[in-house]
Amino acid sequence: MARAPFTLAGHTVMPGQRLQIDVPVARLYTHTPLHIPVEVVHGRKDGPVMLVCGGIHGDEINGVEIVRRLLRSKTINSLRGTLIAVPVVNVFGFLQQTRYLPDRRDLNRCFPGSEKGSLGGRIAALFREEIVDHATHIIDLHTGAIHRTNLPQIRAQLSVGSETERMADAFGAPVVLNAELREGSLRHYAQNRGIPVLTYEAGEALRFDEWAIAPGVQGVLRVMRRLGMLAGEQRRRSPAPAELANGSSWARAPIDGILRPKVRLGARVAKGEVLGKVADPFGNDEGEVLAMADGIVIGMSRLPLANEGEALYHIARFDEIEEAETAIESFQSSLAPPPDAMY
């Protein structure tokens, strides 16, 4: 029996067909129409409907390149199921190279949205109705915020034996955070609807970080294989098993000043260890940034200028920290060049 066509935003995609669709979202002040770009790959055989999206925050552009490479991969030519690929969700922010929408709202705090609400609410409602609600599985691609960088990591709400856990295990990031759902986020909306969703965090805003992009592409393909959307096994050596963090917290600037970092992204640190020093331009006043627990640095500020209380180092805590350190070292050794978070 032939597979049914797939319909998205009023467009019909036949089995075995790929179609690029421009979903109307709003207009600029100049009356110029703005669209969310979407490509649908509708396989000839039944399977899951996977949504892979980037750019919900307009300045987080690693995900844009991950989606582009995914769509150019020859492996998806024999796709089972359907792939919905959206390189840029927040087209307003992408054009302006900013995280936010023109009204300064965070699109990832606007779901499920409202057709009569703010610009953020209306875009969230449109994206939800036209795209998200078609998906059976979601991978949402992010980076650190401006002047912050993240070690490649998966954030998800996990439960033993769940489909979300199965996807997180397949992805192959060195760290998995069992993260609480944030109200208004795409992940919160999807998970509450029973749609398993992973958030991939890696690299820095407004940068192409190859050490974050390449593992992101391979991670998406691994998940698709695990779900039966792609045939065959991973040809390259499988990554070390990801380690599940049991919590995380930020080490903050003790005073106002200029940060001199002492540790790199991915470093193992001990409680009380000096992560960096903050001093005024003359060096008269100096304060130490201390690790609040044993753990791994999974995120850090890239801007040396710091105000007192500003978050500088994101430390993840693990029950088995040696295994986590091994997983991260294995991940970093497979990259060229390795992540470099020093100044």
Contacts of [X] that satisfy salt bridge (Lys or Arg N to Asp or Glu O under 4.0 Å) - sequence neighbours left out:
| X | value |
| --- | --- |
| E201 | R155 |
| D169 | R226 |
| R68 | E65 |
| D280 | none |

Does [X] pair with [Y] as a salt bridge, N-O distance under 4.0 Å?
| X | Y | answer |
| --- | --- | --- |
| E310 | R252 | no |
| D209 | R207 | no |
| K271 | D294 | no |

Is I146 isolated, or which residues cluster with it under the ILVMFWY side-chain rule of less than 4.5 Å, directly or via members? L206
Is it the case that the side chain of E204 and the backbone of A145 share a donor-acceptor pair, with hydrogens and angles ignored and the cut-off at 3.5 Å? no
Expected output: side-chain N178 to main-chain L158 donor-acceptor under 3.5 Å: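 Yes, the answer is positive, given that a donor and an acceptor are paired below the 3.5 Å cut-off.
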Selection [range] - residue pairs positive for salt bridge (Lys or Arg N to Asp or Glu O under 4.0 Å), sequence neighbours left out:
| range | result |
| --- | --- |
| residues 318-328 | R268-E322, R268-E325 |
| residues 71-89 | none |
| residues 184-193 | D133-R193 |

Residue pairs, two or more places apart or on separate chains, that pass ring pair (Phe, Tyr, Trp, His ring centres under 6.0 Å) and touch [range]:
| range | value |
| --- | --- |
| residues 259-279 | none |
| residues 86-126 | none |
| residues 247-267 | W250-H314 |

Inspect the surroundings of [atom1] in [X] and state if more than 12 heavy atoms from other residues, nucleotides or ligands are less than 6.0 Å away.
| X | atom1 | value |
| --- | --- | --- |
| Q96 | CD | no |
| R148 | CZ | yes |
| R109 | CZ | yes |
| R44 | CZ | no |

What is the distance from atom [atom1] of [X] to atom [atom2] of [Y], rounded to the nearest 0.5 Å?
| X | Y | atom1 | atom2 | result |
| --- | --- | --- | --- | --- |
| E243 | I328 | CD | CD1 | 9.0 Å |
| K262 | Y313 | NZ | OH | 9.0 Å |
| L83 | L71 | CG | CG | 6.0 Å |
| L186 | C110 | CG | SG | 12.0 Å |

Among side-chain atoms of [X] and [Y], is any donor-acceptor pair under 3.5 angstrom?
| X | Y | value |
| --- | --- | --- |
| T32 | R27 | no |
| D59 | H57 | no |
| Q20 | E39 | yes |
| S162 | Q157 | no |

Identify, with sequence neighbours excluded, every residue that meets ring-ring contact (aromatic ring centres under 6.0 Å, His included) alongside F6.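 Residues passing ring-ring contact (aromatic ring centres under 6.0 Å, His included) with F6: H42, H134.
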Sub-4.5 Å side-chain heavy-atom contact between P254 and V289: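 The answer is yes; the side chains approach within 4.5 Å.
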Run the side chain to side chain donor-acceptor pair (under 3.5 Å) check on T75 and S73 step by step: do they pass? CA-CA 5 Å; T75 58; S73 173; 2.7 Å; yes
